[in-house]
Amino acid sequence: MVRGFGSCVSAFLAVVAQQRPVLQAPIPAPALLVRAAGAASLQQARHYAAADLRGKVAKTGQKKVDKKADDEGDALPFFYPAPAPGRLPSLGRSKPQAVGLPFEPRHKRESHRLLRAIDVEARQRHDADGREALVFGVGPTGAGRLEPGSVVLVEQLTSRSSPRRAAFAGVLVAVRRRGLLSSLTLRAHVAGTGVELTVPVFAPSVSRIKVLKRVSGFAGGRENVARALRERPGLAPVAFAAVDDLVLRDAEQERRLAEGSRR
């Protein structure tokens, strides 16, 4: 059996030795011509690509120059919250819902009371224009707080190195009241497409939150106002097409007030 295996190996080596000259044979002339033509076409393609790339680089560079001219301006200073008033506010045995926080089953523990006090103080330090009253209202009943269905305008800073602002106005579809992590969700129609934006209320990048039209009692028994307005936009108390008109009216009113103050 061993002799048979040795004979098979020797036969295989003999076949490989016979095929070796064929494998090492020189490349015929037609194959060389094909390679030369391929190299020439590749070089020509690279030439055209380089020409196109030069044009694109010049065009992109021009765009960068224009953008740099638009971004010229003094950089905004660093954001610093208001200084701490001193000791943490004393909340006593108040429940989390009374200070704008969700219910906690362990809210009676001293550690949870301390966290609630820190959250209330942080909101006071980050509230520069009274936006806390818009979200949580005034007093234990929360009078004057925003409700779904209102039209809200939000201005955000897109960059602090170059003071550029972006505004978004829409119908308020959700209010998330979670203390310092509270947020507003706005919905608008842009070119016939529904667009939603969630804005953190106490974020330093949000420069202004303004109510263009206040609506109360729209939510009623609806558990998910955002879903209802997505499926049936006609239920909105203010038509989505009228949001742009409210923004234009507000801008015109601010312009007149600015001109009157200058006089």
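No hydrogens, no waters, no symmetry mates; every other heavy atom, side chains included, goes into these values.
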Criterion side-chain contact (heavy atoms from CB on, under 4.5 Å) on Phe103 and Gln97, from CA distance to verdict: CA-CA 6 Å; Phe103 174 76; Gln97 299 90 324; 3.4 Å; yes
More than 12 heavy atoms of other groups within 6.0 Å of Lys210 NZ: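 Atom NZ in Lys210 is packed in, count exceeds 12.
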Neighbour count >12 (heavy atoms, 6.0 Å) for atom CD, Gln253: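 At most 12 heavy atoms, drawn from other residues, nucleotides or ligands, come within 6.0 Å of this atom.
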Heavy-atom pair of closest approach, residues [X] and [Y]:
{"X": "Asp119", "Y": "Gly179", "value": "OD1-CA, 3.4 Å"}
{"X": "Leu91", "Y": "Val99", "value": "CD2-CG1, 4.1 Å"}
{"X": "Val120", "Y": "Pro89", "value": "CG1-CG, 4.1 Å"}
{"X": "Thr158", "Y": "Ala166", "value": "CG2-CB, 3.7 Å"}
{"X": "Gly149", "Y": "Val215", "value": "O-CG2, 3.5 Å"}
{"X": "Ala169", "Y": "Ala188", "value": "O-CB, 3.4 Å"}

I'd like to check [X] versus [Y] (side-chain heavy atoms, cut-off strictly below 4.5 Å). Are they in contact?
{"X": "Leu186", "Y": "Val154", "answer": "yes"}
{"X": "Phe168", "Y": "Gln156", "answer": "no"}
{"X": "Phe136", "Y": "Leu101", "answer": "no"}
{"X": "Arg227", "Y": "Glu231", "answer": "yes"}
{"X": "Val152", "Y": "Leu212", "answer": "no"}
{"X": "Val151", "Y": "Leu172", "answer": "no"}
{"X": "Asp127", "Y": "Arg123", "answer": "no"}
{"X": "Arg177", "Y": "Arg145", "answer": "yes"}

side-chain contact (heavy atoms from CB on, under 4.5 Å) between Ser183 and Arg176, intermediate numbers included: CA-CA 5 Å; Ser183 62; Arg176 183 173 181 267; 3.5 Å; yes
To the nearest 0.5 angstrom, please state how far the [atom1] atom of [X] sits from the [atom2] atom of [Y].
{"X": "Leu246", "Y": "Leu153", "atom1": "CG", "atom2": "CG", "answer": "10.5 Å"}
{"X": "Asp250", "Y": "Lys213", "atom1": "CG", "atom2": "NZ", "answer": "14.0 Å"}
{"X": "Ser207", "Y": "Leu157", "atom1": "OG", "atom2": "CG", "answer": "5.0 Å"}
{"X": "Leu114", "Y": "Arg109", "atom1": "CG", "atom2": "CZ", "answer": "14.0 Å"}

Pair Leu235-Val225, side-chain contact (heavy atoms from CB on, under 4.5 Å): steps then yes or no: CA-CA 10 Å; Leu235 293 177; Val225 178; over 6 Å; no
Charged N-O contact under 4.0 Å between [X] and [Y]:
{"X": "Arg249", "Y": "Asp245", "answer": "no"}
{"X": "Arg208", "Y": "Glu254", "answer": "yes"}
{"X": "Arg256", "Y": "Glu259", "answer": "no"}

Joint hydrophobic cluster, Phe218 plus Val243, side-chain heavy atoms closer than 4.5 Å: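 They do share one cluster, since a chain of ILVMFWY contacts under 4.5 Å joins Phe218 to Val243.
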Hydrophobic cluster membership, Leu134 vs Leu184, 4.5 Å side-chain cutoff: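 They do share one cluster, since a chain of ILVMFWY contacts under 4.5 Å joins Leu134 to Leu184.
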All N/O donor-acceptor pairs, side-chain side in residues 195-204, below 3.5 Å, sequence neighbours left out:
from: Glu196; atom 1: OE1; to: Arg230; atom 2: NH2; distance (Å): 3.1
from: Glu196; atom 1: OE2; to: Arg187; atom 2: NH1; distance (Å): 2.9
from: Glu196; atom 1: OE2; to: Arg230; atom 2: NE; distance (Å): 2.8
from: Glu196; atom 1: OE2; to: Arg230; atom 2: NH2; distance (Å): 3.3
from: Thr198; atom 1: OG1; to: Thr185; atom 2: OG1; distance (Å): 3.4

Between [X] and [Y] (side chain of the first, backbone of the second, donor and acceptor by atom type, cut-off under 3.5 Å), is there such a pair?
{"X": "His126", "Y": "Ala122", "answer": "yes"}
{"X": "Glu155", "Y": "Arg165", "answer": "no"}
{"X": "Ser150", "Y": "Leu146", "answer": "no"}

Residues His107, Arg113; criterion side-chain contact (heavy atoms from CB on, under 4.5 Å); working and verdict: CA-CA 7 Å; His107 66 276; Arg113 294 178 185 175; over 6 Å; no
Ring pair (Phe, Tyr, Trp, His ring centres under 6.0 Å): pairs with one or both residues in residues 236-262, sequence neighbours excluded: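 Applying ring pair (Phe, Tyr, Trp, His ring centres under 6.0 Å) to every pair that reaches into residues 236-262, excluding sequence neighbours, yields His189-Phe240.
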